[in-house]
Amino acid sequence: LTPPFVYSAQAPQNIRFKPLSQTKEFTAAELMELYSKESHLKSYLDIIRDKPVYPVIKDSRDVVLSLPPIINGDHSKIQLSTKNIFIECTATDLQKASIVLDTVVTMFSEYCAHPFTVEPVEVIQSDNSRTYYPRLEYRNEMVSMDYINSL
């Protein structure tokens with residue numbers, strides 16, 4: 001995988017890649033038909049199926065990494081020899097996505113060469129504003145002793 005990574009929207013017929021667990025390339029439109037029979041994926045198809053453009057993540061070499069929120073590309077799959085992991089989180093609610101991303105990154109970071117060390121990613125929005133993820137912000141929670149003891 002070669003950064004920078006670009007999250008964009010393209011017409012489904014213009015997105016072509018080999019998805020995870022497949023042996024050949026498909027267009028995004030063809031994947032909608034293929035995955036309509038897959039019990040674990042078909043519930044996500046309606047999020048993008050009838051849209052004029054689909055979200056796609058590509059690397060600097062224009063290789064498709066993901067067709068979020070449907071399937072990742074075979075090119076970016078994790079193997080035993082993988083040393084660096086690019087964690088992407090897509091959602092329709094930014095707050096929820098940020099919480100999920102922080103949680104997944106934190107869990108993976110335990111296994112880093114330097115445990116609990118992660119690299120932030122700069123996200124440049126279409127208006128050129130910039131944000132860094134993961135946020136890994138501290139937060140205070142008030143919980144009762146009874147609740148804690150019940151865990």
task = Could you point out which residue of Lys42, Met32, Glu33 forms a side-chain contact (heavy atoms from CB on, under 4.5 Å) with Arg49?
result =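 Between Arg49 and the candidates, side-chain contact (heavy atoms from CB on, under 4.5 Å) is satisfied uniquely by Met32.
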What's the spacing between [X] [atom1] and [Y] [atom2] if we round to 0.5 Å?
| X | Y | atom1 | atom2 | value |
| --- | --- | --- | --- | --- |
| Phe26 | Arg16 | CZ | CZ | 9.0 Å |
| Gln125 | Arg130 | CD | CZ | 11.0 Å |
| Asp93 | Ile99 | CG | CD1 | 8.0 Å |
| Lys58 | Ile15 | NZ | CD1 | 7.0 Å |
| Ile57 | Phe86 | CD1 | CZ | 6.0 Å |
| Glu122 | Tyr133 | CD | OH | 12.0 Å |

Are [X] and [Y] side-chain neighbours, meaning at least one heavy-atom pair lies under 4.5 Å?
| X | Y | value |
| --- | --- | --- |
| Val118 | Ile87 | no |
| Pro55 | Thr90 | no |
| Leu67 | Pro19 | no |

query = Going by distance alone, is a donor N or O of one side chain under 3.5 Å from an acceptor N or O of the other, for Ser129 and Asp127?
reply = yes
request  = Please assess Asn72 against Leu65 for the test side-chain contact (heavy atoms from CB on, under 4.5 Å), listing each intermediate value before the final yes or no.
outcome  = CA-CA 6 Å; Asn72 289 332; Leu65 307 180; over 6 Å; no
inquiry  = Looking at every heavy atom in both His75 and Leu1, which two are closest together, and how far apart are they?
reply    =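 Reported closest heavy-atom pair: CD2-CD2, 3.5 Å.
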task = Assess whether atom NZ of Lys37 is packed by more than 12 heavy atoms of other residues, nucleotides or ligands within 6.0 Å.
result = yes
query = Do other residues, nucleotides or ligands put more than 12 heavy atoms under 6.0 Å from Tyr7 OH?
reply = yes
query = Charged N to carboxylate O under 4.0 angstrom, Glu141 versus Arg139?
reply = yes
